[in-house]
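Residue numbers start from 1 in every chain, and the chains themselves are labelled A, B, ... in the order their sequence lines are given, proteins ahead of strands.
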Amino acid sequence: MTPDPTPSNLAINVELVADILCRFLRNELGRAGFARAVVGVSGGVDSSVVAYLAARALEPQNVLAVTMPYKTSSEATRRDGRRVIEELGVRHVDVPITDEIDAYFVRFPDASRMRLANKCARERMTILYDQSAAFEGLVLGTSNKSELLLGYGTQYGDMASAVNPIGDLYKTQLYPLAEHLGVPESIRAKLPSGDLWVGQTDEGELGFTYETVDRLLVLMVDGRWQRAELLEAGFDAALVDRVAALIRRNHYKRRMPVIAKLSFRTIDRDFRYPRDCGT
Amino acid sequence: MMSPSPRQPHPDLPDRAAAPLRVAMAQIAPRLGDRRHNLELHLAQIAAARAAGADLVIFPELSLTGYFLRDMVPDVALAPGASEIREMLSAAGPAAVVAGFVEESSEHRFFNAAFWGEGGRVVHVHRKVYLPTYGLFDEQRYFAAGERIRAFDAARFGRVGILICEDFWHLSAAAIMQAEEVDLLVCVSNSPARGVAGPTIRTAETYRQLARAFAQLLGAVVIVVNRVGFEDGLCYWGGSQAVGPDGRPLAEGPMLDEALTMATFDRAELRRQRLAAPLARDERLLMTIEELQRIKRQRYDA
């Protein structure tokens, strides 16, 4: 049974959210001395929303969309990515990653597809950061709150960015926002996929739908409901436990590396400054 | 029954029928930890407010320093007699100024403080009593808590009280201000936006309710000045507001944008409202104190 105790707790005022996020982008880039942004555009809903927000906040000519297909990337996804770029009129560079990825894995032919997926994500990250230097724009993050909580992303890969406008929005909250921003229907209608291998879907890999897990996450994380309360509300015990374990197990991905404390003032422990200090 | 002695009028208190008072709510976006830049921002707003005929200019909480300071707190601290504050008061001329700063006491304690200055001097400093240390807040780590909630007599505004952000969420602080019989309650804040499901930001909605309720319950003018801008992803929502003693809004600043918003009120409205609903008059202060003493005995002296 998929319970639906309070679906309204995932509702967002899309106009208000878009307004805050555009202001956020202009502000956070501006205080770092930048007026431009770089976005890896995959053709999925997350990177499309970020590209639409960036184009709205910074003007299209100040946004560089980077497409980085691998040989298995689906044609439909590539087409969706191109459509986002054309509709927004943002700048574009296409950097296929097949050659370097395949050259690397020639040495490790038995590598799992998970290693391949992570390697692709990190390859794309290095390209975005290099394009960031060339374009003089900051890399925008495209990880949503569902992925970040579940650890469904590659550390120092797609999780890496300078500024992330959508990291406090659950996956299911991105759809109404995408619609409001004008993201094409073909992108909003398809099943979420990291396009990690042929036929891969997020929900197939995770074993639950975003719709279900977001309803659980918003109660568990935002509402701080206890396990017994979640079970009483009708959530499946195995799902609750699995999601709780994923959140806990992947917490390291959301933090800076652990530093062995020796002095009286250790970075991030008792040396605490806001990132925006002085700006 | 003991009857309270009426408050002595302030020697400079003008005629009740004096001209309406004009308040400028300076909804600014301070630069985090950059006192020099922020002072310039204050001076520019004071000049604009004076040009608009303001009798009082109010800046948000920690307006001279920004909010999310963490380990920068000692680096940006000032004494109330600091040259930056003197400069602001001198620029204000006959107008009064409320602004937020990090106060360092002679014992080297650091307070989240706000001053009221007029006639070239600081006449009152409120040190934030309730330092939020939950959720996204971490103030008790960096600040010492104030230990007083007191009103004071201002030259042209009568009896005035200042609260800082979280103080405003404590009924006891409002109750003390009611017992002080304030004419004007000023709340300076740095409220970050949370909750984006409704027609407006949830925290803004709650502040609006509090301001309207307290204005009506105290029979006083309530002015909340909140900042705008971002710090480490926190979005301050602005929406500064002035509420009349009947609980009706007098003026409201824009959401999210910097603005200098003027509010005008007539002191005669205080009289009319207190005739219509003499809540402060009817307050049973001694009974309240006795009940609180009883609770103290039961809870702390047992």
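Remark: B:Arg212 engages B:Glu252 in a salt bridge, criterion side-chain N to carboxylate O under 4.0 Å. Salt-bridge check for B:Arg141 with B:Asp71: failed, with every basic side-chain N at 4.0 Å or more from each acidic carboxylate O.
Using cut-offs of 30° and 60° on the angle between ring planes, the pair B:Tyr236 and B:Tyr67 is perpendicular.
Heavy atoms closer than 4.5 Å to chain A are found in both the backbone and the side chain of B:Asp257. No part of A:Arg224 comes within reach of chain B, as not one of its non-hydrogen atoms sits under 4.5 angstrom from that chain. For chain B, the nearby parts of A:Asp270 are the backbone and the side chain; heavy atoms of each come within less than 4.5 Å. Residue A:Leu16 touches chain B through its side chain alone, counting heavy-atom pairs closer than 4.5 Å.
Using a distance-only test at 3.5 Å, with no hydrogens or angles considered, no donor-acceptor pair links the side chain of B:Asp167 to the main chain of B:Lys128.
The candidate with the highest count of non-hydrogen atom pairs below 4.5 Å against chain A, out of B:Asp34, B:Ile201, B:Val76, is B:Ile201.
Atom CG of B:Asn112 sits about 8.5 Å away from atom NE2 of B:His126, to the nearest 0.5 Å.
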